Amino acid sequence: MSASPIITLDKNGQEILTVGFNRFGFDSEVGLEALRSLYLRPHYVVSADEIPATASDLDEESQEKQHAKFNQGHIYLSKSIFHPNTHSISYTTLSRFPPVKLLPPSTRKRILVTGGAGFVGSHLVDRLMLLGHEVTVIDNFFTGSKTTVSHWVGHPNFELVRHDVVEPFMIECDQIYHLACPASPPHYQFNAVKTIKTSFLGTLNMLGLAKRTKARFLISSTSEVYGDPEVHPQSEDYWGNVNPIGPRACYDEGKRVAETLTYGFHRQDGVDVRVARIFNTYGPRMNPYDGRVVSNFIVQALRGEDLTVYGDGKQTRSFQYIHDLVDGLICLMNSDETRPVNIGNGDEFTIGEFAELVREIVEQVQERDGEKPAKRVGVVYKPIPQDDPQRRRPDTTRAKETLGWQPRWTVRMGLEEMVRYYKAKMAEGSI
Ligand code: NAD
Ligand code: UDP
């Protein structure tokens, strides 16, 4: 990881130092550095020069010194030492955690996050934990990983449960963020029937839980409910254009029926519901092999491989950075808006343009870090997958008007941070 500080500017050129906001009667702001300390770092020390072959060769004082240097002052981070000679890693139990807000019981919520070990879920968990809530994650680890939330395991406010949402789950809680579902096309198409079961039975079970506990229920729906849209940009009133029998149907129709169920419980049983229609989101902790375009392009560019554009690259997507999404989800959960709300960034790119942008940003970061790749990566064209939507951009008027939410991160700033994350992971050899 580069030692130079990262300066992140928002869409208005103002430096971003915190994320969140002070609204709805509670303060949900957290420092960006605190969040970065949880994801923007390699997991372990790798310097072969400084680290002896075995852990026992390191006395406690030099271990502390190594980690203080490595963790840049964040003393609560776990201790893990890589031994290059034996290619092994020793972990020390995490005993100190990042400081979390101390909330009175009246504002401290018991929050269940399904799919909390996934990409979006883990960032939401970081935020809810830092804000001082009690968080329970349930996840079957199909696409998520324990490592995304391992820095909270053992914290008195945190619980991690291996559980599949297609089975009922009993817990007492005040809010449910129901995120459990694979999200990348290769992952959700890997077992289409399971994806539908997760969408339908999983949502049924979580809505049943919300009904029993009177918890507020938020579902992470998707722009895929609009299918290959005939209306552009897509507002929440558009009913969509989905092929019900195509390869994407298990996900698209799964989410559509999950929304139908959600409003069924709302109308029949008075369950307090929120529906977030999330547009393409990217950021650190995205599985580098999940096949989505942002992770594919960055990893390819960093490896010096050609970027794979599917089709002619004229199809469009609009890309949102993870912190904006988490702001939007927390905002929606704590608002009175029960209608579906689009959460996305309106900055639309053709996939061809996006490949150019990723290549340029990777080159810039490499140059700043004093690296000179052997050759410039190119772009190769591959067949376009069936039913790939041609255009996608959110109309976020509703989110702006009813939540006062708007994305702050430029795509460039988000990409830069994500490039740094993957670079750090590659340097440590974990991807
Ligand atoms: P992800 O694959 O990283 O995370 C999904 C998590 O759900 C994983 O931890 C996975 O192990 C877990 N999971 C899957 N099936 C489960 C089951 N049956 N029981 C318990 N856990 C299960 O994906 P993500 O990008 O973090 O997406 C999270 C949610 O947001 C999903 O509901 C997805 O549909 C929605 N969404 C994401 C995007 C995006 O661009 N990332 C866009 C639209 C919607
Ligand atoms: N895509 C691409 N190259 C890749 C991966 C994806 O050109 O290596 C394209 C894909 O065909 C789609 C767009 O990028 O048009 C976004 O794909 P992704 O899987 O990220 O999300 P989704 O299609 O679900 O929006």
Side-chain angles (χ1 to χ4, degrees), residues 113-125 137-146 148-149 161-167 169 177-189 191 194-203 205-206 218-225 228 248 251-252 254-255 258 276-283 285-287 290-300 306-322 325 329 342-344 349-352 354-355 358 379-392 394:
V113 182
T114 76
F119 158 53
V120 174
S122 65
H123 285 279
L124 178 64
V125 166
V137 163
I138 60 174
D139 201 296
N140 70 352
F141 305 122
F142 170 46
T143 53
S145 156
K146 266 195 267 185
T148 63
V149 288
V161 184
R162 182 189 292 266
H163 179 83
D164 196 309
V165 290
V166 304
E167 304 293 341
F169 187 73
Y177 286 88
H178 178 43
L179 272 52
C181 184
S184 89
H187 284 156
Y188 68 65
Q189 289 170 25
N191 184 341
K194 174 69 193 206
T195 300
I196 300 173
K197 281 173 81 174
T198 295
S199 297
F200 180 72
L201 290 176
T203 305
N205 286 330
M206 292 308 121
L218 181 148
I219 182 163
S220 58
S221 185
T222 170
S223 52
E224 297 281 341
V225 299
D228 190 4
R248 297 174 85 99
Y251 183 72
D252 301 10
K255 288 288 185 181
R277 291 192 180 147
I278 303 171
F279 283 64
N280 295 63
T281 305
Y282 67 99
R285 298 208 190 111
M286 238 174 135
N287 180 336
D290 73 4
R292 286 187 266 192
V293 70
V294 187
S295 38
N296 270 12
F297 283 177
I298 297 179
V299 171
Q300 286 163 344
D306 293 339
L307 311 191
T308 51
V309 169
Y310 300 160
D312 59 10
K314 294 212 171 83
Q315 71 273 34
T316 71
R317 293 293 188 276
S318 308
F319 296 99
Q320 152 173 258
Y321 197 53
I322 183 66
L325 170 60
L329 293 177
N342 287 341
I343 311 274
F349 296 83
T350 68
I351 295 301
F354 192 66
V358 170
V379 172
V380 290
Y381 293 85
K382 300 249 166 144
I384 190 142
Q386 190 192 327
D387 295 341
D388 200 283
Q390 276 307 294
R391 295 187 79 185
R392 187 183 287 155

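All ligand and atom numbering here is 1-based and tracks the order in the structure. Just so you know, residue 1 is the first one in the sequence shown, and it goes up from there. Bear in mind the structure is a predicted one, so any value in this text is a computation, not a measurement.
Heavy atoms of K382 found under 4.0 angstrom from ligand 2: none, in either backbone or side chain. Counting heavy atoms closer than 4.0 Å to ligand 2, residue R292 contributes atoms from both its backbone and its side chain. Under 4.0 Å from ligand 2, heavy atoms of V293 appear from its side chain as well as its backbone. Within the 4.0 Å heavy-atom criterion, neither part of K197 lies near ligand 1. By the criterion of a heavy-atom distance under 4.0 Å, the backbone of S221, and not its side chain, is placed next to ligand 1.
Scanning the protein heavy atoms around atom 3 (N) of ligand 2, the nearest turns out to be T308 O, 2.6 Å. In terms of protein heavy-atom proximity, atom 22 (P) of ligand 2 is nearest to R248 NH2, 3.4 Å. Nearest to atom 5 (C) of ligand 2 among the protein's heavy atoms is Y310 CE1, 3.3 Å. For atom 21 (O) of ligand 2, the closest non-hydrogen atom on the protein side is N280 ND2, 3.4 Å. Protein heavy atom nearest atom 16 (C) of ligand 2, with residue, atom name and distance: R317 NE, 3.7 Å. The single protein non-hydrogen atom nearest to atom 22 (C) of ligand 1 is N140 OD1, 3.0 Å, given as residue, atom name and distance. From the protein, the heavy atom lying nearest to atom 15 (O) of ligand 2 is D388 OD1, 2.6 Å. Ranking protein heavy atoms by distance to atom 8 (O) of ligand 2, first place goes to N296 ND2, 2.8 Å. From the protein, the heavy atom lying nearest to atom 40 (O) of ligand 1 is T281 N, 2.8 Å.
Proximity of H163 to ligand 1 is established by a heavy-atom distance of less than 4.0 Å. At least one heavy atom of A117 sits less than 4.0 Å from an atom of ligand 1. At least one heavy atom of R392 sits less than 4.0 Å from an atom of ligand 2. Residue contact check for ligand 1: E224 places no non-hydrogen atom closer than 4.0 Å to it. Ligand 1 has no atom lying under 4.0 Å from any heavy atom of R277. Under the 4.0 angstrom criterion for non-hydrogen atoms, S184 is not in contact with ligand 2. Ligand 1 has Y251 within reach: a non-hydrogen atom of the residue lies less than 4.0 Å from it. Distances shorter than 4.0 angstrom occur between a heavy atom of G291 and an atom of ligand 2.
Aromatic ring orientation, F349 versus F319: tilted (interplanar angle from 30° to 60°).
Close approach to F142 involves these atoms of ligand 1, each under 4.0 Å from a residue heavy atom: 11 (O). Heavy-atom contacts of N280 reach the following atoms of ligand 1: 40 (O) (cutoff under 4.0 Å). Close contacts between ligand 1 and G115 involve ligand atoms 6 (C), 7 (O), 9 (O), 12 (C) [criterion: under 4.0 Å to a heavy atom]. Taking every non-hydrogen atom of T198 and a distance limit under 4.0 Å, the qualifying atoms of ligand 1 come out as 15 (N), 18 (N).
H178 and T203 share a side-chain donor-acceptor pair at under 3.5 Å. Q300 and T308 form a side-chain donor-acceptor contact under 3.5 Å, judged by distance and modelled atom types alone. With hydrogens and angles left out, the side-chain atoms of H187 and T143 include no donor and acceptor closer than 3.5 Å.
Taking each heavy atom of F119 and I322 in turn, the nearest pair found is CZ-CD1, 3.8 Å.
In this structure, K197 does not pair ionically with E167, as no charged nitrogen and carboxylate oxygen lie closer than 4.0 Å. Salt bridge status for R248 with D228: absent, with no side-chain N to carboxylate O gap under 4.0 Å. One finds a salt bridge joining D388 and R317 here, because a Lys/Arg side-chain nitrogen approaches an Asp/Glu carboxylate oxygen to under 4.0 Å.
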- request: Kindly indicate, with the supporting measurements, whether the criterion side chain to side chain contact (heavy atoms under 4.5 Å, CB included) is fulfilled by T198 and V165.
  value: CA-CA 7 Å; T198 295; V165 290; 4.1 Å; yes
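Which of D312, I351, T350 comes nearest to atom 13 (C) of ligand 2 through a heavy atom is settled by distance: it is I351.
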